[in-house]
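Inspection log for the structure reproduced underneath, given as structure tokens.
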Amino acid sequence: MLQYHLNDSIDVSSRNKDFIERSIDWIVSHFTVGSKTSIIDFGCGPGLYTTGLAEKGATVTGIDFSKNSLHHAEQVARRKGLKIDYVHTNYLDFESSYKFDLITMIMCDYCALSPEQRAILLTKFSSLLNPGGAVLLDVYSHTSFNQKEESATYELNQLHGFWSPQDYYCFVNTFKYEREKVTLDKYTIIEQAKTRTVYNWLQHFSTASMQEEFNRNGFEIDEFYANVAGETFTPESAEFAVVARKSPDTENNAGR
């Protein structure tokens, strides 16, 4: 996984290098990031965004469950002389009394969570935000859902050896759930010594369904974008990004 994160020419585990750089520049400009800005990145991986944002002067925290990714991120921070707080945990379990100006969750991680988990996460976001703070995240769209087709395939060393350093066959079964706008990619990885199965569930959103979900959980959406680099949203986008803030009633109740 770490090797795929660090391959800056492809969009598999992380965005490509050019997109990340454009995205960081847009985030800094849009949210007026400076030395007094506190940012937390949920699912930070090897620190591709946290490093860039810290280099822009922000106070940055990154959360991830991968020790390998965080070890790499910490090594990069030390080499560059950056003070970044990395936390090894499941972000659904993360707790802190510290407040942040911006929460990011990038690479459509939000889509991999169940409705119950997303509600927990939004409640957590609300508790972690400073007054006027914002959330930036991206999701797969209904366009992406419609482009997906149910299928059954197999391949030797599928995804160029992503699943194992040893030779393997990977059987991929793709299912679509129309009413829920959910897809499932079921990966069965068969190696000489073992067989394992990985289930990749993904929720797909419309702007309306995202608006409804955020409103239900105490947020208002400022704007939709085509991606976290701030490009203009179009209905044809396979993904889109959201900038949201706590609803005024939520802010007022939190201050009482």
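Computed over heavy atoms, backbone and side chain alike; hydrogens, waters and symmetry mates excluded.
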Lys186 NZ/CZ over Phe175 ring centroid, <6.0 Å and within 45° of normal: no
All salt bridge (Lys or Arg N to Asp or Glu O under 4.0 Å) counterparts of Asp25, not counting sequence neighbours: Lys56
Pairing residues for Lys80 by the salt bridge (Lys or Arg N to Asp or Glu O under 4.0 Å) criterion, not counting sequence neighbours: Glu55
Asn16 side chain vs Phe19 backbone, donor-acceptor pair below 3.5 Å: yes
Donor-acceptor contact below 3.5 Å, side chain Asp185 vs main chain Asn200: no
Check: Val243 and Val135 side chains under 4.5 Å, non-hydrogen atoms: no
Heavy-atom donor-acceptor pair, Thr37 side chain to Gly34 backbone, under 3.5 Å: yes
Nearest heavy-atom neighbours spanning Ile39 and Ala58: CD1-CB, 3.8 Å
Within one Ile-Leu-Val-Met-Phe-Trp-Tyr cluster: Leu159 and Leu156, side-chain cutoff 4.5 Å: no
For residues 86-94, dump all side-chain donor-acceptor pairs below 3.5 Å to protein atoms at least two apart in sequence or in another chain.
{"from": "Tyr86", "atom 1": "OH", "to": "Thr50", "atom 2": "OG1", "distance (Å)": "2.7"}
{"from": "His88", "atom 1": "NE2", "to": "Phe65", "atom 2": "O", "distance (Å)": "2.9"}
{"from": "Asn90", "atom 1": "OD1", "to": "Leu92", "atom 2": "N", "distance (Å)": "2.9"}

Considering all heavy atoms, the nearest Cys44-Leu70 contact: SG-CD2, 3.6 Å
Side chain to side chain contact (heavy atoms under 4.5 Å, CB included) partner of Ile189, the single match among Thr197, Val198, Thr195: Val198
Any side-chain heavy-atom pair of Asn227 and Phe233 under 4.5 Å: no
Partners passing salt bridge (Lys or Arg N to Asp or Glu O under 4.0 Å) against Glu236 (at least two apart in sequence or in another chain): none
Check: Tyr168 side chain, Gln158 main-chain N or O, donor-acceptor pair, under 3.5 Å: yes
Side chains of Thr104 and Phe42 in contact at under 4.5 Å (non-hydrogen atoms): no
Phe219 six-ring face occupied by Arg245 cation (under 6.0 Å, within 45°): no
Note: Glu191-Arg196 ion pair, threshold 4.0 Å (strictly below): yes
Within 6.0 Å of CD in Glu150, more than 12 heavy atoms from elsewhere: yes
Between Ser206 and Ser209, a side-chain donor and acceptor under 3.5 Å: yes
Test log, rule side chain to side chain contact (heavy atoms under 4.5 Å, CB included), inputs His71 and Lys67: CA-CA 6 Å; His71 179 66; Lys67 286 185 178 180; over 6 Å; no
Check: Thr123 side chain, Ala119 main-chain N or O, donor-acceptor pair, under 3.5 Å: yes
Close side-chain approach of Tyr187 to Trp163, heavy-atom, < 4.5 Å: yes
Tyr140 vs Phe240 side-chain heavy atoms within contact, under 4.5 Å: no
Nearest heavy-atom neighbours spanning Val242 and Met210: CG2-CG, 3.7 Å
Glu223: partners by side chain to side chain contact (heavy atoms under 4.5 Å, CB included), with sequence neighbours left out: Tyr225
Any donor-acceptor N/O pair, Lys181 side chain to His142 backbone, under 3.5 Å: no
Heavy-atom donor-acceptor pair, Ser69 side chain to Ser66 backbone, under 3.5 Å: no
Donor + acceptor pair across side chains of Ser141, Ser144 (<3.5 Å): no
Side-chain heavy-atom pair Ile24, Ile20 within 4.5 angstrom cut-off: yes
Check: Gln203 side chain, Glu180 main-chain N or O, donor-acceptor pair, under 3.5 Å: yes
Close side-chain approach of Ile63 and Ile40, heavy atoms under 4.5 Å: yes
Min side-chain heavy-atom separation Thr183-His204 under 4.5 Å: yes
Residues in salt bridge (Lys or Arg N to Asp or Glu O under 4.0 Å) contact with Glu21, at least two apart in sequence or another chain: none
Carboxylate-amine/guanidinium contact Glu231 Arg22, below 4.0 Å: yes
Worked check of salt bridge (Lys or Arg N to Asp or Glu O under 4.0 Å) between Glu95 and Lys124: CA-CA 8 Å; Glu95 299 289 346; Lys124 194 175 296 291; 3.2 Å; yes
Side-chain donor or acceptor of Lys99 paired with backbone N/O of Ser127 under 3.5 Å: yes
Test applied, side chain to side chain donor-acceptor pair (under 3.5 Å); reference residue, Ser38; option that passes from Thr61, Thr59, Asp101: Asp101
